[in-house]
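Computed from a predicted structure; not experimentally measured.
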Amino acid sequence: MISSSEYGSHSWELLVTVDHQYEEVQKEFLLRVTGDLHIGGLMLKLVEQIKLSQDWSDYALWWEQKKCWLLKTHWTLDKCGVQADAKLLFTTQHKMLRLRLPNMKTVRLKVSFSSVVFRAVSDICKILNIRRSEELSLLKQSEDALKKKKKKDKNSKEPVTEDILNLCDSPVSSGLSGSPGLYSKTMTPTYDPTSGTPASSTITWFSDSPLTEQNCSILAFSHPICSPETLAEMYQPRTLADKAKLNAGWLDSSRSLMEQGILEDDQLLLRFKYYSFFDLNPKYDAVRINQIYEQARWAILLEEIDCTEEEMLIFAALQAQYHVSKLSLSSEAQDFTSESEVDEVEAALSNLEVTLEGGNTSNILEDITDIPKLADNLRLVRPRKLSLKAIKPYWFVFKDTSVSYFKNKESAQGEPIEKLNLKGCEVVPDVNVAAKKFGIKLLIPVADGMNEVYLRCENENQYARWMAACILASKGKTMADSSYHPEVHKILSFLKMKNWTMSPQAVSDPESIDMKPECFVSLRFTKKYKSKQLAARILEAHQNVSQMLLVEAKLHFIQAWQSLPEFGLSYYIVRFRGSKKDDVLGVSYNRLIRIDIATGDPITTWRFSNMKQWNVNWEIRQVAIEFDQNVSIAFTCLSADCKIIHEYIGGYIFLSTRSKDQNETLDEDLFHKLTGGQE
């Protein structure tokens, strides 16, 4: 026996609340513990007192005041810092979560609330059969979007019932093995590459998981477009500041859901955070391709990304073609007359896949020793303030990553009038195919901002060659790079889609295709044209894409989206060190852009390829970045936590390390090292 005074000096009472469903059973327990008791021993002691026979294996201790999980069961209470005033909750690690997917469908499934978000998203993607989970993350809806939704629900006469796909039968922790997380040359095709339906050999796999064939169809196919009225009720960003608000809610990938205040049955958005889509393959990625397509489609319909009228009609035509193909597939038997047709389709999709990746399957060693050059007559346009633009023809020579121009071809042996180094510049298409206008807008970094220059080409072929060369030069690559010819091909195919002619036969009956044209374009264009005019214009554009197959139409849509100047830019409002006004920072997969918040014009561009290091001063919440040639910048983020921008930069660096030959799992430690921001 030990005396009560001795007993009291070494032990204390600890209050633990148990999160269980039995109302008649006690929920709060007062345990007498000592500081050298380990967490596993505390849990064992607690379970013995509860006297409920059930599986406690998914339960763990949550420390409410510190907002952290006590998962290291071998640590003692002293080592964890747990004292008598601590309030602990004994609760399940896996809880229900509602996720709004890019296609606006909501799924409900069990997710680990104790794993870091990076791992939780990986588990979610295994359930949904989405490869390359590192490209996605979880996002809290912006306050403006939530306000608009509440207003809509308030004005609605009928109660709003959301159609939720329930996938809670199998918890994510079960670790489904059917979904290949990474590329493997021996993988069995999971989907038909033309229609996106599960391949017959894998139907058995789908029936073993919560993602049945029917559920897979919901995720892998695009469904009827919403009405213009529904579109009008959705939140649409009007300014760069509005667009910045959309990116403020990304969760921290290196902390758990519970640590970030997410509660059971909350709703989050599952979105592609990083616009670097690696190894897109129709045979394995029907769900992934469809969700990327849907995210692109909604970004265009809600004008989260700007596009011209010509481009909007292309996107409308591709959406119309997708729905036409889908209707024809559902009404006919889904079989091909010969194997050669299937081979042709697969070859076409393979080529398109290469262009989406920006790689080339052949000619890898092409012209490595002899760097090609372009030489042509082009027109130079320099915008001038308070006067008309000066447009003059010159002889241009493109070599390495620079453009030089001369008075004429004969004087090309001498000194150029000017030599423009395009490394780190912004390249923006200035094209109107109908008006035969093929321009390239170059924003070249100079000491006090950006030097604006326009090049005017004569025709499509000349434009494609020069545009591709400019794009590569801006990334520090020459025309000897293997991605040059695929880039030319991609530009030409996009121009071909834009180059439609009025076909009386095609537009004589706009109702020949059962569609509401207002469903395929943003509200700005709905207000500009009457329904019949819009239908006729979409059908004109549709002629160039009318032969495309189901998955092909979606891949072309993604490719066209990637061609837009603003593609992949995530905006944040920041204050640069030494500046007296706010600016917008655009974060892309290969660069950072400082943008004037009032005009939307780019001020300076910094490439990741020139970056030496970046870090965060957590005391003043300032991100500091060093580049080559003694260039350094620092800024504080005003529209979001600075950790979000830091993680974006580190995440893109991490994604650039991926290769197709990787068969091992993702290097999660490297991801956290690059994105964590801790020394």
Side-chain angles (χ1 to χ4, degrees), residues 67 97-102 104 116-118 120-121 135-151 234-263 266-275 295 298-299 302-306 566-576 579 581-589 591-598 600 614 616-618 620-623 625 633-652 675-677:
K67 298 281 181 216
L97 189 68
R98 287 177 297 131
L99 292 176
R100 197 110 191 261
L101 304 182
M104 300 298 177
V116 294
V117 165
F118 184 83
V121 170
E135 295 167 0
L136 299 96
S137 193
L138 299 173
L139 178 69
K140 286 183 190 171
Q141 217 166 354
S142 72
E143 285 183 18
D144 289 343
L146 286 169
K147 280 177 194 170
K148 188 133 189 178
K149 187 177 186 297
K150 282 176 186 172
K151 189 179 176 184
M234 297 176 79
Y235 175 68
Q236 297 182 47
R238 300 291 177 200
T239 62
L240 277 175
D242 289 344
K243 290 177 182 179
K245 289 175 187 173
L246 296 175
N247 295 300
W250 289 110
L251 295 190
D252 185 337
S253 294
S254 50
R255 292 165 65 214
S256 70
L257 291 170
M258 200 100 152
E259 286 169 324
Q260 299 180 70
I262 307 302
L263 305 174
D266 275 0
Q267 179 164 294
L268 294 172
L269 310 178
L270 179 69
R271 293 289 183 270
F272 288 88
K273 178 179 180 179
Y274 299 103
Y275 296 87
Q295 188 160 323
W298 283 106
L302 297 174
E303 297 191 76
E304 290 170 14
I305 184 168
D306 289 338
E566 287 184 17
F567 166 75
L569 280 174
S570 302
Y571 299 103
Y572 293 93
I573 298 171
V574 299
R575 175 73 63 89
F576 279 88
S579 175
K581 67 185 188 73
D582 299 346
D583 285 303
V584 170
L585 184 75
V587 184
S588 182
Y589 68 96
R591 69 202 190 282
L592 299 173
I593 310 174
R594 183 177 181 175
I595 301 166
D596 188 297
I597 197 167
W614 75 101
V616 179
N617 182 332
W618 293 106
I620 57 173
R621 315 298 287 177
Q622 186 181 72
V623 181
I625 309 173
I633 61 170
F635 55 84
T636 51
C637 188
L638 307 178
S639 63
D641 193 301
C642 64
K643 172 68 169 68
I644 294 178
I645 292 186
H646 185 279
E647 187 176 305
Y648 246 125
I649 296 169
Y652 274 126
T675 61

Test side-chain hydrogen bond (donor to acceptor under 3.5 Å, both in side chains) applied to R255 - qualifying residues, sequence neighbours left out: none
Results of side-chain hydrogen bond (donor to acceptor under 3.5 Å, both in side chains) for E259 - residues two or more places apart only: S256
Pairwise side-chain contact, L138 with L257, heavy-atom cut-off 4.5 Å (strictly under): yes
M258 backbone acceptor or donor facing K67 side chain under 3.5 Å: no
Heavy-atom donor-acceptor pair, R271 side chain to R100 backbone, under 3.5 Å: yes
Residues in ring pair (Phe, Tyr, Trp, His ring centres under 6.0 Å) contact with Y275, at least two apart in sequence or another chain: W561, F567
For the student: nearest non-hydrogen atoms of V616 and C642, plus distance: CG1-SG, 3.8 Å
Donor-acceptor contact present, side-chain Y572 to main-chain N247, <3.5 Å: yes
Full working for ring pair (Phe, Tyr, Trp, His ring centres under 6.0 Å) between Y652 and Y274: CA-CA 7 Å; Y652 274 126; Y274 299 103; 5.1 Å; yes
Any donor-acceptor N/O pair, Y648 side chain to K273 backbone, under 3.5 Å: yes
Partners passing side-chain hydrogen bond (donor to acceptor under 3.5 Å, both in side chains) against K245 (at least two apart in sequence or in another chain): D144
Over all atoms of both residues, closest heavy-atom pair of D252 and Q260: N-OE1, 2.7 Å
Any donor-acceptor pair under 3.5 Å from D242 side chain to R238 backbone: yes
Plane angle bin for H646 and W618 - parallel if under 30°, tilted between 30 and 60°, otherwise perpendicular: tilted
Audit row: R594, I633, side-chain contact (heavy atoms from CB on, under 4.5 Å) steps and yes/no: CA-CA 11 Å; R594 183 177 181 175; I633 61 170; over 6 Å; no
Student check: side-chain heavy atoms of I262 and K140 closer than 4.5 Å: yes
Contacts of type ring pair (Phe, Tyr, Trp, His ring centres under 6.0 Å), residue F272, not counting sequence neighbours: F277
Nearest heavy-atom neighbours spanning F576 and D583: CD1-OD2, 3.9 Å
Set of residues satisfying side-chain contact (heavy atoms from CB on, under 4.5 Å) with respect to A248, sequence neighbours excluded: A640
